[in-house]
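The model shown is predicted, which means the values in this text are computed figures rather than measured ones.
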Amino acid sequence: MCQDCGCSITDHHHHHDHEHSHEHSHEHGDSSSHQAAHETLHHNPQLNDSKTVSVIKKILDKNDHEAAHNRAHFNNHKVLGINLMSSPGSGKTTLLEHLADLADFKYGVVEGDLETNKDADRLKAKDIKAVQIQTGSACHLDAFMVHKGLHDMPLDDLDVCFVENVGNLVCPASYDVGTHLNIVLVSVPEGEDKIAKYPVMFRAADLILFTKTDLLPYFEYDLEKEKEVARKLKPNVDILEVSTKDKDSLQAVVDWINFKRKFR
């Protein structure tokens, strides 16, 4: 089961044979998401028994192994992998739509949702290569699901591949999907408590995007206070303010990604 919410684990966790024959070197290390999952486990008395610990450890170990495999795919193709995480409705798909008008790099998206192809269809309408992954009952993408999606992604033609995770501020933070960077979005209409209430997610972030900032005049939202909360959780995290009505704020996201690309 998922250690955070008790959802069912999909078959991806149990079928570890790859359908292709090419070889990759797999490096297993303690990812930040793996560590976050164990931290959650050890502080949750309902889960902290020997059998549960053993099962979850096996799941996370297999997932981390597959995540290393995904990173090998990205590295071999010189593609920067970026995991987008947030609660539903914070603007992940909208951000990806708007970046298409500004980005000087080619990107595709592995799109995760419980049901429907709506988000992938929106991206395709902007001529963005998108592969839909329907998770069914699973509240997050895992490395196996992303691996499946990468087989339909033309990595040779891309500079960046986004993984748009399932809208959820809990479970996605615990699963390394094999990307290089994590971007976490939090929107002004969500209220001021999200960063403090979901710290594991924001500790995993390389960049925090405060979205829908054009709505600040209509909400009681202390943006600077929220930035302080975020930096107490992760002092070195990058933070940007974004509004789709402000082209310069979107350009700042493009510039951040290009800066990270230089170091890949």
Q: Ignoring hydrogens and angles, tell me if any N or O in the side chain of T213 forms a donor-acceptor pair with the backbone of V242 under 3.5 Å.
A: yes
Q: Thinking salt bridges, do D159 and K78 make one under a 4.0 Å N-O criterion?
A: no
Q: If only atom types and distance count, is the side chain of N168 paired as donor or acceptor with the main-chain N or O of V170 below 3.5 Å?
A: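 The answer is yes, because a donor-acceptor pair under 3.5 Å joins these two groups.
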Q: Using side-chain contact (heavy atoms from CB on, under 4.5 Å), reason through R122 and I128 one step at a time and then give a plain yes or no.
A: CA-CA 9 Å; R122 285 171 57 184; I128 301 167; over 6 Å; no
Q: Give me the ring orientation class for H69 and H147: parallel if the planes are under 30° apart, tilted from 30 to 60°, perpendicular past 60°.
A: perpendicular
Q: Quick check: do L80 and L181 have side-chain heavy atoms less than 4.5 Å from each other?
A: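 Yes; the side chains approach each other to less than 4.5 Å.
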Q: Over all heavy atoms of both residues, which pair between E226 and D193 is shortest? Give the atoms and the distance, please.
A: OE1-N, 4.4 Å
Q: Would you kindly say whether S243 and D214 are connected by a side-chain donor-acceptor distance under 3.5 Å?
A: yes
Q: According to side chain to side chain donor-acceptor pair (under 3.5 Å), who are the partners of N117, at least two apart in sequence or on a separate chain?
A: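 Listed in chain order: Q134.
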Q: Write down the atom of A67, the atom of V177, and the distance for their closest heavy-atom approach.
A: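 Minimum heavy-atom contact is CB-C, 4.1 Å.
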Q: Check whether any side-chain heavy atom of L84 sits under 4.5 Å from a side-chain heavy atom of V163, and report yes or no.
A: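 Sidechains of V163 and L84: no contact.
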Q: Check the pair L169 / E190 against side-chain contact (heavy atoms from CB on, under 4.5 Å), numbers first and verdict last.
A: CA-CA 12 Å; L169 278 175; E190 291 176 66; 4.2 Å; yes
Q: For a side-chain contact (heavy atoms from CB on, under 4.5 Å) with I133, tell me which candidate from N165, D113, D142, L141 qualifies.
A: L141
Q: Determine the minimum heavy-atom distance between S187 and K212, stating which atoms define it.
A: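 In terms of heavy atoms, the two residues are closest at CB-CD, 3.9 Å.
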Q: Carefully, step by step, assess R71 and D176 under the rule salt bridge (charged side-chain N to carboxylate O under 4.0 Å, His left out).
A: CA-CA 10 Å; R71 260 187 293 278; D176 183 358; 2.7 Å; yes
Q: Would you name the heavy atoms of L96 and Y107 that are closest together and state the gap between them?
A: O-OH, 2.5 Å
Q: Please evaluate residues L233 and I195 with respect to the criterion side-chain contact (heavy atoms from CB on, under 4.5 Å), reporting the C-alpha separation (whole Å), side-chain torsions for both, the decisive distance (0.1 Å), and the verdict.
A: CA-CA 9 Å; L233 291 173; I195 297 175; 3.6 Å; yes
Q: Nearest heavy-atom pair of L185 and L95: which atoms, and what distance?
A: CD2-CD2, 4.4 Å
Q: Checking side-chain polar atoms at under 3.5 Å, does D255 have a donor or acceptor matched by the opposite partner on Q251?
A: yes
Q: Give the minimum heavy-atom separation between C161 and V110, together with the two atoms involved.
A: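 That would be SG-CG2, 4.1 Å.
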Q: Given F162 and E111, is the side-chain contact (heavy atoms from CB on, under 4.5 Å) satisfied, shown in steps?
A: CA-CA 8 Å; F162 292 97; E111 179 68 50; over 6 Å; no
